[in-house]
Amino acid sequence: MQVSIACTEHNLKSRNGEDRLLSKQSANAPNVVNAARAKFRTVAIIARSLGTFTPQHHISLKESTAKQTGMKYRNLGKSGLRVSCLGLGTWVTFGGQISDEVAERLMTIAYESGVNLFDTAEVYAAGKAEVILGSIIKKKGWRRSSLVITTKLYWGGKAETERGLSRKHIIEEIVRAMTHVINQGMAMYWGTSRWSAMEIMEAYSVARQFNMIPPVCEQAEYHLFQREKVEVQLPELYHKIGVGAMTWSPLACGIISGKYGNGVPESSRASLKCYQWLKERIVSEEGRKQQNKLKDLSPIAERLGCTLPQLAVAWCLRNEGVSSVLLGSSTPEQLIENLGAIQVLPKMTSHVVNEIDNILRNKPYSKKDYRS
């Protein structure tokens with residue numbers, strides 16, 4: 001199962017007349033399709049058409065648990081796609097921070113623990129992450145039908161024609177292009193990443209107006225210190241149009257792991273030159289306040305018999321509107337620890353959640369909360 005995620009931090013409207021979508025009869029369309037298919041063959045991720053797309057309505061995020069692994073599965077939004085509530089991301093790690101051998105160990109641990117969702121992007125390690133991910137899947141001989149692979153489009157290469165969401169880069173008029181990608185069998189669903197609620201609603205409206213395929217999920221940052229979008233904006237979208245939440249960075253790029261309590265270790269992500277922004281965030285006044293709050297949360301983790309990272313991941317999972325939480329790990333030990341959050345989830349009672357809220361003091365409130 002292939003899920004394409006369209007990413008943007010900019011206005012998604014066409015930039016000029018030349019960016020207008022080409023019709024299906026356009027001579028350029030086959031070239032786009034063939035280029036995309038060749039790319040998927042390269043990484044051994046070949047999406048197979050499973051029939052025509054049928055929108056799913058009124059499907060709740062019903063949770064099921066695998067007997068052998070204990071992994072829990074939820075619907076991706078109101079689609080019929082079932083994903084593990086914990087997924088494995090490849091940002092920073094695959095093709096960069098870790099070796100291919102370690103990457104294979106991480107994927108094996110995740111797969112054998114019941115994880116069926118693996119996330120990557122064309123920009124990760126300049127495309128190497130996608131290649132490594134596909135090579136491991138091919139080497140392990142895992143059934144392609146047992147996996148959900150999500151990738152993201154936007155950045156691409158350095159050339160102007162290799163980035164952005166133009167038709168030249170598979171996508172121009174995003175909704176129509178994503179519908180084209182799905183109809184060609186290159187993906188089964190599509191979603192968004194870092195889009196505003198207004199942009200997602202616009203995409204849905206366009207899809208409905210022109211009988212095209214709407215997005216099924218939004219990838220959003222979500223952790224103890226980043227809450228508003230996932231807890232206020234996305235639930236409204238879920239109830240209105242069925243868009244689910246696939247969240248990333250549950251440990252806030254490692255800030256919540258506890259490793260930065262006494263500064264920035266040399267082997268940490270924040271010590272890398274390309275992550276100077278993370279180091280600055282950690283040593284800032286706000287960063288010090290966050291570390292103090294984490295120290296206050298530690299007794300709760302100890303009482304529940306878990307580590308602080310496990311508590312943080314379980315806290316994300318306790319949100320019923322979250323379909324899956326993407327984990328980023330650089331060592332097998334770290335991944336195994338984070339996967340243990342599944343066992344902590346049943347302990348996340350309303351009393352525990354309120355305790356955490358009283359320490360964080362950052363719970364967002366919707367307009368409905370204010371009216372009530």
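On a predicted model such as this, the values are computed, not experimentally measured, just so you know.
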**Report entry** Closest non-hydrogen atom pair, T151 against E122
**Finding:** OG1-N, 3.9 Å

Query raised in the report: Just how far is it from atom CG of L237 to atom NZ of K78, taken to the nearest 0.5 Å?
Result: 11.0 Å

Report task. Measure the shortest side-chain to side-chain distance between V353 and I356 over non-hydrogen atoms and say whether it is less than 4.5 angstrom. Result -> no

Query raised in the report: Should the ring pair Y111 and W142 be called parallel, tilted or perpendicular, given that the plane angle runs from 0 to 90° and is split at 30 and 60?
Result: parallel

Report task. Mark yes or no for whether K152, through its side chain, and T120, through its backbone, hold a donor-acceptor pair below 3.5 Å. Result -> yes

Query raised in the report: So with a 6.0 Å cut-off around CD of Q291, is the heavy-atom count from everything else above 12?
Result: yes

Query raised in the report: Are P332 and L106 close enough that some pair of their side-chain heavy atoms sits under 4.5 Å apart?
Result: yes

Query - Any donor-acceptor pair under 3.5 Å from T93 side chain to I98 backbone - result: no

Query raised in the report: Of the non-hydrogen atoms in V325 and C316, which two are nearest, and what is the gap between them?
Result: CG2-CB, 3.9 Å

Query - More than 12 heavy atoms from other groups under 6.0 Å of CD on E286 - result: yes

Query - Exam field: side chain T65 to backbone G70, donor-acceptor pair closer than 3.5 Å - result: no

Report summary line: Note: L278 and C253 closest approach over all heavy atoms is CD2-O, 3.6 Å

Query - pair T331-V102: side-chain heavy atoms closer than 4.5 Å - result: no

Report task. Answer whether the closest heavy-atom distance between the side chains of Y222 and E231 falls below 4.5 Å. Result -> yes

Requested in this report: Check step by step if side chain to side chain contact (heavy atoms under 4.5 Å, CB included) holds for I300 and I359.
Outcome: CA-CA 11 Å; I300 298 179; I359 292 173; 3.8 Å; yes

Report task. Quickly, which of K72, R74, R82 forms a side chain to side chain donor-acceptor pair (under 3.5 Å) with S64? Name it, please. Result -> R82

Query raised in the report: Would a distance-only check, ignoring hydrogens and angles, find a side-chain to backbone donor-acceptor pair under 3.5 Å from Y73 to G114?
Result: yes

Report task. Hey, could you give me the NZ/CD1 distance between K240 and I200, rounded to the nearest 0.5 Å? Result -> 12.5 Å

Query raised in the report: If you group Ile, Leu, Val, Met, Phe, Trp and Tyr by side-chain heavy-atom gaps below 4.5 Å, do M198 and L234 land in one group?
Result: no

Report summary line: Rounding to 0.5 Å, atoms CE (M186) and CE (M178) come to a distance of 10.0 Å

Report task. Please state whether the rings of H223 and F225 are parallel, tilted or perpendicular, taking 30° and 60° as the class boundaries. Result -> perpendicular

Report task. Quick one: do R318 and L345 satisfy side chain to side chain contact (heavy atoms under 4.5 Å, CB included)? Show the steps, please. Result -> CA-CA 7 Å; R318 110 281 177 209; L345 184 56; 4.1 Å; yes

Query raised in the report: Are any of the side-chain heavy atoms of I241 and P214 separated by less than 4.5 Å?
Result: no

Query - Interatomic spacing from CG in N338 to CG in L251 - rounded to 0.5 Å - result: 5.5 Å

Query - Main-chain N/O of D357 paired with K363 side-chain donor or acceptor, under 3.5 Å - result: no

Report task. Taking the side chain as every heavy atom from C-beta outward, state whether Y189 and V148 have any pair of such atoms under 4.5 Å apart. Result -> no

Query - Donor-acceptor under 3.5 Å (Q219 side chain, A245 main chain) - result: no

Requested in this report: Answer yes when D100 and K128 have at least one side-chain N-carboxylate O distance shorter than 4.0 Å, and no when they do not.
Outcome: no

Query - S79 (side chain) donor-acceptor with N75 (main chain) under 3.5 angstrom - result: no

**Report entry** Interatomic spacing from CG in N292 to CD in Q290 - rounded to 0.5 Å
**Finding:** 10.0 Å

Query raised in the report: Is the backbone of I213 close enough, under 3.5 Å, to the side chain of T179 for a donor and an acceptor to pair up by distance?
Result: yes

Query raised in the report: Sub-3.5 Å donor-acceptor pair from the side chain of Q310 to the main-chain atoms of E337, do we have one?
Result: yes

Query raised in the report: Between W248 and D119, is a side chain to side chain contact (heavy atoms under 4.5 Å, CB included) present by the stated rule, with each step listed?
Result: CA-CA 10 Å; W248 50 276; D119 178 72; over 6 Å; no

Query raised in the report: Do I256 and L297 come close enough that some side-chain heavy atom pair is under 4.5 Å?
Result: no

Query raised in the report: For L224 and A312, which heavy atoms make the closest approach, and how far apart are they?
Result: CD1-CB, 4.2 Å

Query raised in the report: Going through the distances and angles, do V283 and Y260 end up as a side chain to side chain contact (heavy atoms under 4.5 Å, CB included)?
Result: CA-CA 9 Å; V283 300; Y260 299 116; over 6 Å; no

Query raised in the report: Does some side-chain heavy atom of M348 sit less than 4.5 Å from a side-chain heavy atom of W315?
Result: yes

Query raised in the report: Which pair of non-hydrogen atoms, one from C306 and one from V344, has the smallest distance, and what is that distance?
Result: CB-CG2, 3.6 Å

Report summary line: So CG of L294 and CD1 of I255: to nearest 0.5 Å the spacing works out to 8.5 Å

**Report entry** Identified side chain to side chain donor-acceptor pair (under 3.5 Å) partner of N362 from the options R227, E228, K293
**Finding:** R227

Query raised in the report: Does the side chain of T192 come under 3.5 Å of the side chain of E199 through a donor N or O and an acceptor N or O?
Result: no

Query - N211, CG atom: more than 12 neighbouring heavy atoms under 6.0 Å - result: no

Report summary line: For C217 and M246, the nearest pair of non-hydrogen atoms, with its separation, is SG-CE, 4.2 Å

Query raised in the report: Counting N and O atoms only, with roles assigned by atom type, does the side chain of S324 sit under 3.5 Å from a partner on the main chain of S84, one being a donor and the other an acceptor?
Result: yes

